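Working notes, beginning with the structure itself.
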Amino acid sequence: MDAADLRVRTLGEGRIGSPLGGLVTRRGTTEHYVDETDRVLFDDTLALLAARDGEPPSFEPGGPRRQIYFDPSKIRVGIVTCGGLCPGLNDVIRGLVLELTSHYGVRRIVGFRNGYRGMVARHGHDVVELTPAGVDHINEHGGTILGTSRGNQDPAEIVDCLEQLGINILFVIGGDGSMRGAQRIAAEISSRDRRIAVVGVPKTIDNDIPFIGHSFGFQTAFGKATESIRAAHTEATAQPGGIGLVQLMGRHSGFIACYAALANNDADYVLIPEVPVDVEAFLPHLRRRVRERGHALVVVAEGAGQEYLTAVGTDASGNQRLGDFGVHLRRRILDDFAAAGEEANLKYIDPSYVIRSVPANPYDSVYCLRLAQAAVHAAMAGRTEMVVGTWRNRFVHVPIPVAVATRNQVDPDGDLWMSVLEATGQPVTFTADVAQQAA
Ligand code: F6P
């Protein structure tokens, strides 16, 4: 990462006094606020900073500007939600609408139905007029009032739609695939030399988009997942040879499994995609655990152990359709205990979509609202091809190419995984030695 990578594109200079300018006129950078002329450092240790040559990379801070680019009374804004569901989508929609209308005085906002499809004429979806009254109470419900879909559409057709509707700002609430789509839309807009801002609010319950701390809805989702872990633990402790096995979402990133397991602090094993598991070595370890303690609790992320399974094509977003590791592991555990003549009472729980279709919890609702506010401030100031993020607990602007270039994953050498190893007591790796000792 270098300083140039983090520069955010701007449609032009802000020449209009912001209605929110009064909030910031006398503010300077403090430990709680970053002035618009300041930057948020990328590196957060002295050693990292000292190792840099030249200008240290830094993010542009989020928040209201003194001057804005768009005249609120003249513009029309579009909002689209894309990809899989996530708690808080309706909070973000409502946050955008209220910030645009109440604070900036924007009068015309439309929502596109069913993701990018709703922006392509041949799919025949009407747009929805979004007003403060129309978004009342939507934050009390899971899902998205606009509907969603996976997959990108032809950026030229999308920009045709934006032009026909006279849209000046497009907010995309979506995951990494949708943000790549937003990047193509921004490129098409530039190639037509139009001044339309494209600003994203990153959405992923897997928490796999970088530079957003924890993504909105993540806390709600792992909180909901703790109910399954608690149930599996209760079942496991109630019977001889009790084994609770819980599979949670997390394709390439095991954050939900790690956080949900840490929240209950009862799991004996957490298996995630980032740390390959040798099932042959894991099984004897599990048997010994059950022999010694009478029960065991295993939490797996859906993307773990894919080396034991065959992927079955891709979904409309281009994501690999994963094999079902939870089901595979359940069979392997039962076969292994049976072959060893040891009793196993295994209860398998996969809450699946239950954890992502719920309304946001109050923490996530606050977070969604603040992300929406930051997105509106950025767009009104003419920023484009960017997503709002958080870095060191500050709201920042992240260029889309940077946001989609890497995936946020649990670092097997990082302190989160260390906490998991400490909490579970599982070995760092399941190797043949581990298996031998356990046998
Ligand atoms: O990407 C988020 C996610 O919830 C994954 O954890 C999960 O594998 C996937 O979406 C399922 O999405 P769908 O079945 O809606 O395509």
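Please read these numbers as outputs of a predicted model, since none were measured by experiment. This chain uses plain numbering: 1 for the first residue, then up along the sequence. Both counts, for ligands and for their atoms, begin at 1 and track the order of listing.
Without hydrogens or angle criteria, Thr390 side chain to Ile212 main chain gives a donor-acceptor distance under 3.5 Å.
Within 4.0 Å of ligand 1, heavy atoms belong to protein residues Arg150, Ile205, Asp206, Met249, Gly250, Arg251, Glu302, Tyr353, Arg356.
Residues Asp206 and Ser253 have side chains that never bring a donor and an acceptor to within less than 3.5 angstrom of each other. Checked by atom type, the side-chain pair Ser190/Arg9 shows a donor-acceptor distance below 3.5 Å.
You'll find the ring centres of Tyr259 and Phe218 inside the 6.0 Å limit. Ring centers of Phe216 and Tyr367: at least 6.0 Å apart, outside the cut-off.
Arg192 has a carboxylate O that lies under 4.0 Å from a charged side-chain N of Glu188, or vice versa, which qualifies the two as a salt bridge.
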